[in-house]
S.K.: 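One structure is given below, represented as structure tokens, and several questions about it will come after.
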Amino acid sequence: SRANEYEADDVSWTLLLAAGHDPRALHSFFRKLLRLHSGKTGGNKGSVVRGMLSTHPATEERMQVLERRWSELPDIQRRRIERTASMRGG
């Protein structure tokens with residue numbers, strides 16, 4: 001269900017933070033998914049992805065939630081994540 005997908009996003013965000021990884025990787029994943037969904041990658045991947053995502057929350061909405069969560073993190077935590085990501089080459 002859509003509620004399960006939002007819960008999965010929440011758990012993923014929490015686990016990435018706890019592991020010291022940049023949770024914005026989720027946003028990057030959804031951006032790629034959105035490109036596939038829109039069919040801008042060529043082939044029939046777009047129609048396959050659209051079918052798979054028909055029962056999921058809108059990708060754009062999920063991205064907005066992630067952007068909001070990032071902006072709500074304390075500055076010190078965002079800076080630490082950004083510093084770590086740059087050290088990892090991300």
Side-chain angles (χ1 to χ4, degrees):
S1 76
R2 292 174 190 241
N4 291 350
E5 293 301 322
Y6 282 119
E7 181 181 5
D9 294 350
D10 185 56
V11 169
S12 298
W13 177 273
T14 301
L15 289 174
L16 284 168
L17 277 177
H21 292 283
D22 189 341
R24 292 176 296 174
L26 290 169
H27 191 277
S28 176
F29 166 76
F30 284 125
R31 196 171 38 247
K32 291 173 187 172
L33 201 57
L34 194 58
R35 277 198 306 270
L36 283 172
H37 186 264
S38 66
K40 293 182 181 174
T41 58
N44 68 346
K45 291 179 183 175
S47 61
V48 171
V49 172
R50 276 190 294 282
M52 288 177 9
L53 295 180
S54 64
T55 59
H56 289 61
T59 302
E60 296 93 337
E61 186 176 319
R62 295 169 87 176
M63 291 170 71
Q64 289 172 355
V65 168
L66 294 170
E67 289 168 7
R68 187 188 78 244
R69 289 188 76 176
W70 176 256
S71 70
E72 292 172 350
L73 284 176
D75 287 341
I76 193 166
Q77 190 173 10
R78 279 188 298 195
R79 285 193 301 270
R80 186 176 65 240
I81 291 167
E82 289 168 343
R83 193 170 39 253
T84 303
S86 68
M87 290 176 10
R88 290 180 176 158

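Because the structure is a prediction, the values reported are computed rather than measured.
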S.K.: Might you point out which heavy atoms bring T59 and F30 nearest each other, and give the distance in Å?
M.R.: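 Closest approach of T59 to F30: CG2-O, 3.4 Å.
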S.K.: Any heavy-atom pair between the side chains of F29 and R62 that's under 4.5 Å?
M.R.: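 Sidechains of F29 and R62: no contact.
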S.K.: How far apart are the closest heavy atoms of M63 and L34, and which atoms are they?
M.R.: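 Heavy-atom minimum between the residues: SD-CD2, 4.1 Å.
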S.K.: To the nearest 0.5 Å, how far apart are CZ in R83 and CZ in R80?
M.R.: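 Interatomic distance, R83 CZ to R80 CZ, rounded to 0.5 Å: 8.0 Å.
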S.K.: Identify the heavy atoms of T84 and G20 that sit nearest to each other, and give their distance.
M.R.: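 Shortest heavy-atom separation between T84 and G20 comes out as CG2-O, 3.9 Å.
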S.K.: Evaluate L26 against L16 for side-chain contact (heavy atoms from CB on, under 4.5 Å), listing each step before the verdict.
M.R.: CA-CA 9 Å; L26 290 169; L16 284 168; 3.7 Å; yes
S.K.: Determine, using the 4.5 Å side-chain heavy-atom cutoff (strictly less than), whether L73 and L15 are members of one ILVMFWY cluster.
M.R.: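 Not linked; separate clusters.
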S.K.: Let me confirm one number: the NE2-CD distance from H27 to Q64, rounded to the nearest 0.5 Å.
M.R.: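 Result: 8.5 Å between the selected atoms.
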S.K.: Drop me the distance from R24's CZ to R31's CZ, to the nearest 0.5 angstrom.
M.R.: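 With rounding to 0.5 Å, CZ (R24) is 10.0 Å from CZ (R31).
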S.K.: What distance do E60 atom CD and L33 atom CG have between them, rounded to the nearest 0.5 Å?
M.R.: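 Reported value, rounded in 0.5 Å steps: 10.0 Å.
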S.K.: Should we say atom CD of E7 is surrounded by more than 12 heavy atoms from elsewhere, each under 6.0 Å from it?
M.R.: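 At most 12 heavy atoms, drawn from other residues, nucleotides or ligands, come within 6.0 Å of this atom.
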S.K.: Where is the tightest heavy-atom contact between W13 and W70, given as atom of each residue plus distance?
M.R.: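 So the minimum-distance heavy-atom pair works out to CH2-N, 3.6 Å.
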S.K.: Indicate the atoms forming the closest heavy-atom contact of I81 with H21, along with that distance.
M.R.: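 Residues I81 and H21, closest heavy atoms: CG2-O, 4.5 Å.
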S.K.: Please name all residues satisfying salt bridge (Lys or Arg N to Asp or Glu O under 4.0 Å) with R69, sequence neighbours left out, ordered by chain then number.
M.R.: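 Per chain and number, R69 pairs via salt bridge (Lys or Arg N to Asp or Glu O under 4.0 Å) with D10.
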